Amino acid sequence: MGKGWALPLALAVLAGVGLGHGDPPGLVEGLAVVLLLALAARRPGRLVLLLVVAWTAGGVLSARHAELPAGLSGVDLAVEGRLASVAPQGRLTRLVLEVDRCRPLTPGRLPCEALERLRLNAYGAPPMAAGERWALGVRLRPPHGLANPGTFDYRAWLWREGFHATGYVRDAPPPRRLAEAGVSPRRLALDFLDARPLPERAARWLAALTLGADQRLVDDDWELLNASGTTHLVVISGLHVGLAAGAALLLGRGLARLATPGRWRLAVWPWWLAAAVASAYAGLAGLEPPALRALIMTLVGLWVASGRHAPGPWQGWWLALALVLLLDPLGAWRPGLWLSFGAVAVLILIWQGRPRPRGWRGWLWGLVRTQLLLAPAMAGAVLLAFGRLAPAAPLVNLVAVPLVGSLMVPLGLLGWLLAPLGPPAELCWWGFAWLAEGLARLLETAVAWLPAWQPAPALGLPLALALLLLGGLWGVPGLDARLRLVATLALALLPALWRPATPAHGELEVRVHDVGQGQLVELVTANQRLLYDTGPRFGSGFTPLETLWPAGQRFDAVIVSHDDVDHAGGVAALEASHRVARFLAPPGAELAGEPCVAGREWERDGVRFRLLWPPPGEAGRVDNDRSCVLEAVAGPHRLLLTGDLGAAGERRLLSEVGGPVALLLAGHHGSATSSTPALVAALAPRHLVYSVGRHNPFGHPAAEVVRRFRAAGACQWSTALDGALRFRLGGAGLPTPQAARASARPGVGCPRLAVESPP
């Protein structure tokens, strides 16, 4: 491939990725026509580029269309396949299954042969091991995740990791092992490592650093690495594969110099040795996408460095990007890919045209200078990708990068080379363990002094752009120093000039968070922050509330409508991570707090709040019927939250509700036991929200409830379909709310949605 082909090839790959994701009408037919025209024109170069576009578009399209059809959601299926990953978590075991065969257990259902990769939960499963083949009965649902602004997008993660469905393993038919795991060098290496008497943290980091087994890292490891900005150092990356290749290259060239002193510079075999060692190292790490990406970048880097008919650095960069996406088109949605290539691009920019350092002082200054110039650009990129900043990263990496690269990685790899000899390997790994413990202490100290910061989503984008511009200002060679200083001062003023957008006096911002099958509503005025319910707590222990805000938030009040786990499940997480001035709960509730009884009212920032239910002396009622009912009035708009209040309570509430409301949360998630015709007619809401989980087993919202509200003229929204919703009450008009998940569905009486059946 000529040097001028790298950029067109990369652009062709990116075009194919974009076309496959957009999936415009007639895409396949259009590509076929263009390919035929190129073939007829006898232009081999253009034909190759068009084939590349078609290949990558086809890869993305096949991933999109392999997802579980909605018609098979919740249907019993029989699958056979190989376990790619087994992660026990107490009674729960998380599985990744690569599917060979799939069929519905009920005749007449849609076929499921397109499924290739599943993420499963198994409760009380028999002992399982990665590499084994199993026959399982499963219930699945299409990939889905909660959609809240500024939080982890689980749906996007499932997509880019290639999962076509999620679900759980059924007891019937019982799981059946079809074949034992084959021989795997990586698994044998992990078993060998498990038998060594190393400290737990050192063993985990050694497995992650040398074998790519980052699944062995525990939550505490990830929190420490993320907070210190050093995640890239303890997992397989281009740095480690490059170090292995570099060590092999130095060894090979040294041997060549001894063997052929006059011609050693012309020897080709050291470069091939370096490529072979890099390939073996990445293969030992399992050739997962990060290791594959690192290998391709290293091989292209070796070619560029060899200087023999090699492309320049930027051509090599484009070529590596094209090859990575050709082999893994879904990598375009992995932030790690763009962080890796972004870091390499900044390094090229920093060093291109500059002389090579000489002596240890030159190399030391080169390392410091590189890290200082790289830090702002990478901080901006991480902020864009993950919404967080690690202030300690620039200083920590000055020590951690040479420590890991020059000592820990060589010791870890040397231990594997000496593993057959026994004691020498143990000595290397104990040295690794001592350094790993020292590095961990350093990271803990740095994070204690400079903890990770998660800026508000509104500030994240401008701050990230400022950091990227700062990196560019100091990284691009040839700029005037005075221009750099003035621009740096201007960019530094950006956070000071930023003011968060808060509701004006008399306005109320209502945020209905997407918490699955549960409810959590945030009410914000100019100077008050209030929660109505705290969302669910799932059987795995996960509470969606934990993902919504960084720790240390303050809430003036939290009203827990009643004790059901889908409304009160996040109370413990809220108390553990945030500050709450006061809790309110119905009389007789398990939560200790101030009584939530009808007649209590207050005003804050021009917004009036009033509790309408339960009446005093109603402690003996079942949970649903003693739900706290909250009314908020902001200017001409009225909000009503009724919890899970049933039909009987709604009838008694009619005398208190007054007239129509601007915004209503459907009672009991749209269940047929609530939202009686009388209440719907009395409230006639302009906007109605169902706080429900997608594919929930209860059929919420009920079809008759949906039709009832549509007949009343309500504009209906669903967190299952639209994600989190944000309304602004109190202004002259009632604008369309902001939804976290874009939707193109036609609505009736509103721009978005009129649900006719359970989502």
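Along the sequence shown, the residues carry numbers beginning at 1. Remember, predicted model here, so these are calculated numbers, not experimental data.
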Heavy-atom pair with the smallest gap, counting every atom of Pro410 and Val404: CD-O, 4.0 Å
Student check: side-chain heavy atoms of Thr93 and Asn121 closer than 4.5 Å: no
Stepwise side chain to side chain contact (heavy atoms under 4.5 Å, CB included) test for Leu140 and Leu115: CA-CA 11 Å; Leu140 306 175; Leu115 293 178; 3.8 Å; yes
Least distance between heavy atoms, Arg187 atom then Ala181 atom: NH2-CB, 3.4 Å
Check: Leu384 and Trp338 side chains under 4.5 Å, non-hydrogen atoms: no
Test item: Asp514 side-chain N/O and Asn148 main-chain N/O as donor-acceptor pair under 3.5 Å: no
Asp219 atom CG, over 12 foreign heavy atoms within 6.0 Å: no
Interatomic spacing from CG in Leu403 to CG in Asn397 - rounded to 0.5 Å: 11.0 Å
Set of residues satisfying ring pair (Phe, Tyr, Trp, His ring centres under 6.0 Å) with respect to Trp333, sequence neighbours excluded: His21, Trp159
Pairwise distance CZ(Arg293) to OG1(Thr298) - rounded to 0.5 angstrom: 11.0 Å
Per-pair distances, 0.1 Å, donor-acceptor, side chain in residues 128-135, under 3.5 Å, sequence neighbours excluded:
| from | atom 1 | to | atom 2 | distance (Å) |
| --- | --- | --- | --- | --- |
| Glu132 | OE1 | Ala129 | N | 3.1 |
| Glu132 | OE1 | Trp134 | NE1 | 2.8 |
| Glu132 | OE1 | Arg177 | NE | 3.4 |
| Glu132 | OE2 | Arg177 | NE | 3.3 |
| Arg133 | NE | Asp100 | OD2 | 3.2 |
| Arg133 | NH2 | Asp100 | OD2 | 3.1 |

For the student: nearest non-hydrogen atoms of Ala381 and Leu468, plus distance: N-CD2, 3.9 Å
Contacts of type side chain to side chain donor-acceptor pair (under 3.5 Å), residue Arg160, not counting sequence neighbours: none
CG on Leu211 to CG on Leu190, rounded to 0.5 Å: 5.0 Å
Point-to-point distance, once rounded to the nearest 0.5 Å, from CZ of Arg82 to CG of Leu178: 13.5 Å
Steps toward side chain to side chain contact (heavy atoms under 4.5 Å, CB included) verdict (Leu531, Val580): CA-CA 10 Å; Leu531 289 186; Val580 179; over 6 Å; no
Donor-acceptor contact below 3.5 Å, side chain Trp317 vs main chain Phe341: yes
Which atom of Leu325 lies closest to which atom of Gly331, heavy atoms considered: CD2-C, 3.9 Å
Verdict with reasoning, Leu545 to Val515, per side chain to side chain contact (heavy atoms under 4.5 Å, CB included): CA-CA 7 Å; Leu545 179 142; Val515 294; over 6 Å; no
Donor-acceptor pair, side chain of Trp271 and main chain of Leu249, under 3.5 angstrom: no
Side chain proximity check, Val396 to Val447, heavy atoms < 4.5 angstrom: no
Side chain to side chain, Leu467 and Leu389, heavy atoms closer than 4.5 Å: yes
Residues, nucleotides or ligands: over 12 heavy atoms within 6.0 Å of Arg537 CZ: no
Heavy-atom side-chain contact between Leu136 and Pro175 under 4.5 Å: yes
CE on Met297 to CG on Leu302, rounded to 0.5 Å: 12.5 Å
Closest non-hydrogen atom pair, Arg216 against Arg204: O-CD, 3.1 Å
Ring geometry between Phe538 and Phe542 (parallel below 30°, tilted from 30 to 60°, perpendicular above 60°): parallel
Interatomic spacing from CG in Leu118 to OG1 in Thr166 - rounded to 0.5 Å: 9.0 Å
Trp453 (side chain) donor-acceptor with Ala390 (main chain) under 3.5 angstrom: no
Within-4.5 Å side-chain heavy-atom neighbours: Leu198 and Phe432: no
Partner residues of Glu80 under the side chain to side chain donor-acceptor pair (under 3.5 Å) criterion, sequence neighbours left out: none
Those residues that, when tested against His164, pass ring pair (Phe, Tyr, Trp, His ring centres under 6.0 Å) (two or more places apart): none
Residue pair Thr151 / Thr547: nearest heavy atoms and the distance that separates them: CG2-O, 3.1 Å
Phe163/Val96 under side chain to side chain contact (heavy atoms under 4.5 Å, CB included): CA gap, chis, key distance, verdict: CA-CA 9 Å; Phe163 291 109; Val96 174; 3.7 Å; yes
Validation row: Tyr123, Asp171 side chains within 4.5 angstrom (heavy atoms): no
Contact check, side chains of Val277 and Leu273, non-hydrogen atoms, under 4.5 Å: yes
Name each donor-acceptor pair under 3.5 Å that joins a side chain in residues 414-428 to protein atoms two or more places apart or in another chain, with its distance.
| from | atom 1 | to | atom 2 | distance (Å) |
| --- | --- | --- | --- | --- |
| Trp416 | NE1 | Thr210 | OG1 | 3.0 |
| Glu426 | OE2 | Arg196 | NE | 2.8 |

